[in-house]
Amino acid sequence: MTFRHASLCFPEVSMDCRSIKDALARFHDVVDTVDGCRVLTHCLYPSFDPVEVYVVRLGDGFRVHDGGGAERAAWTHGRTDNLIGKMMRRHATRYNLAVRDGAIVGEAPSIEWVASAILSVANASAAAAVAAVDRAVAVAEDELADAVFGVLRRRVGEQHVTREYAVSGNSGRTYHFDFGIVRPNRKLILIDTVVPHHSSISHKYVAFSDVATDNNSGPDRWAVFDKPLSQDNASLMRQVADLVPVNRLDDAMAREVHLN
């Protein structure tokens, strides 16, 4: 078997490497601050802001920390102290770091170790914030799903409500929706809860869009929310599902039962 070099699989493209180098130049800036020398890194928080790491001289070595960035990034999305602290300690340990005074901290015994320490702190900080936010989003969706289930059980009967309802999309991928309302001779209703975070929005959008059909013969699709969605996220979700506030779900289900 003969393998071709990857570059041969793409058309010839003239690349200006200097422009790319210039675009990345800001990551090489080191700024003196009251927290130490600030280094902008390539790692990203859930908000897609880059992780900033600080370097402080400590005797013959250096202390490297995230300036509390992971904690602030998670707090921006309303996460609890316990969850944030747990995720920070977990990911700091993975990189042989520590958590002190709300910051992820590492030690570099000499200047040769500073680069590795910066990368370790940046990766741990980003990973901790992402893990805390993802976990909190999952908890918020689960709590909302419990509230939705109470309404569905009362309005259509528990025997017609299936949790984690599996549906194959047009792509062949299988999706698990929070609820499937299955009744004899009635159209299937798929319900997913959604919270105002990009990971929830993108996941639910993909699932709903993949099970939709052009001729409207597919299942009805409802996205239930309890906290306001931004205008752009709400517009995006309306392309693939009916947006239903959880405090209006009872009325919506009552109309559905009455009409059918």
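We count residues from 1, following the sequence as given. Owing to the predicted nature of the structure, the values given are computational and were not obtained by experimental measurement.
For Arg173, the side-chain contact (heavy atoms from CB on, under 4.5 Å) partners at least two apart in sequence or on another chain are Ser171, Tyr175, Val206, Asp210. When the side-chain contact (heavy atoms from CB on, under 4.5 Å) test is applied to Asn96, no partner is found at least two apart in sequence or on another chain. Every side-chain contact (heavy atoms from CB on, under 4.5 Å) that Leu243 has, sequence neighbours left out, goes to Ala223, Phe225, Leu229, Ala234, Met237, Arg238. Scanning for side chain to side chain donor-acceptor pair (under 3.5 Å) contacts around Asp192 gives an empty result, with sequence neighbours left out. Take Asp32 and apply the salt bridge (charged side-chain N to carboxylate O under 4.0 Å, His left out) test, not counting sequence neighbours, and it matches no residue. Evaluation of the side-chain contact (heavy atoms from CB on, under 4.5 Å) rule for Gln159 yields no partner, not counting sequence neighbours.
Note that the CG atom of Leu190 and the CG atom of Asp178 stand 10.5 Å from one another [nearest 0.5 Å]. Rounded to the nearest 0.5 angstrom, His91 NE2 and Met88 CE are separated by 11.0 Å.
Closest approach of Ser168 and Thr174 over heavy atoms only: OG-OG1, 3.7 Å. Smallest separation of non-hydrogen atoms from Arg183 and Ile181: NE-CG2, 3.8 Å. Minimum interatomic distance between Ser199 and Val137 (heavy atoms only, all atoms of both residues): OG-CG1, 4.1 Å. His160 and Pro184 make their closest contact through CE1-CD, 4.1 Å (heavy atoms, listed as atom of the first residue, atom of the second, distance). Across Val244 and Ala252, no two heavy atoms sit closer than the pair CG1-CB, 4.3 Å. Between Pro219 and Val211, the shortest heavy-atom contact is CD-O, 3.9 Å.
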Exercise for review: Using the side chain to side chain contact (heavy atoms under 4.5 Å, CB included) rule, take Trp222 and Met253 through it: C-alpha gap first, then chi angles, then the decisive distance, then the call.
Suggested key: CA-CA 11 Å; Trp222 295 12; Met253 281 311 314; 3.3 Å; yes
Review point. Between Ile191 and Tyr165, does a side chain to side chain contact (heavy atoms under 4.5 Å, CB included) hold up when you go through it step by step?
Key: CA-CA 9 Å; Ile191 299 177; Tyr165 190 85; over 6 Å; no
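Residue pairs satisfying the salt bridge (Lys or Arg N to Asp or Glu O under 4.0 Å) criterion with at least one member in residues 132-145, sequence neighbours excluded, are listed as follows: Glu141-Lys204. Screening residues 144-155 for salt bridge (Lys or Arg N to Asp or Glu O under 4.0 Å), with sequence neighbours left out, gives Asp146-Arg163, Arg154-Asp250, Arg155-Asp250. Listed by first and then second residue, the salt bridge (Lys or Arg N to Asp or Glu O under 4.0 Å) pairs that reach into residues 217-232 are Lys187-Asp220, sequence neighbours excluded.
Between Phe179 and Phe149, the ring planes lie parallel to each other; the angle is under 30°, not in the 30° to 60° tilted range.
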Under 3.5 Å donor-acceptor pairs involving side-chain atoms of residues 102-128, not counting sequence neighbours:
residue: Glu107; atom: OE2; partner: Arg63; partner atom: NE; Å: 3.0
residue: Glu107; atom: OE2; partner: Arg63; partner atom: NH2; Å: 3.2
residue: Glu107; atom: OE2; partner: Arg100; partner atom: NH1; Å: 3.1
residue: Ser110; atom: OG; partner: Glu112; partner atom: OE1; Å: 2.9
residue: Ser120; atom: OG; partner: Ser116; partner atom: O; Å: 2.9
residue: Asn123; atom: ND2; partner: Leu119; partner atom: O; Å: 2.7
residue: Ser125; atom: OG; partner: Tyr45; partner atom: OH; Å: 2.7
residue: Ser125; atom: OG; partner: Asp66; partner atom: OD2; Å: 2.8
residue: Ser125; atom: OG; partner: Ala70; partner atom: N; Å: 3.4

Just list the side-chain donor-acceptor pairs under 3.5 Å for residues 34-44, sequence neighbours left out, or say none.
residue: Thr41; atom: OG1; partner: Cys43; partner atom: N; Å: 3.3
residue: Thr41; atom: OG1; partner: Val51; partner atom: O; Å: 2.8

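For the pair Val56/His65, a side-chain contact is recorded, criterion being any heavy-atom separation below 4.5 Å from C-beta on.
Hydrophobic side-chain contacts under 4.5 Å tie Tyr54 to no other Ile, Leu, Val, Met, Phe, Trp or Tyr residue.
No single ILVMFWY cluster, assembled from side-chain heavy atoms under 4.5 Å apart, contains both Val130 and Ile84.
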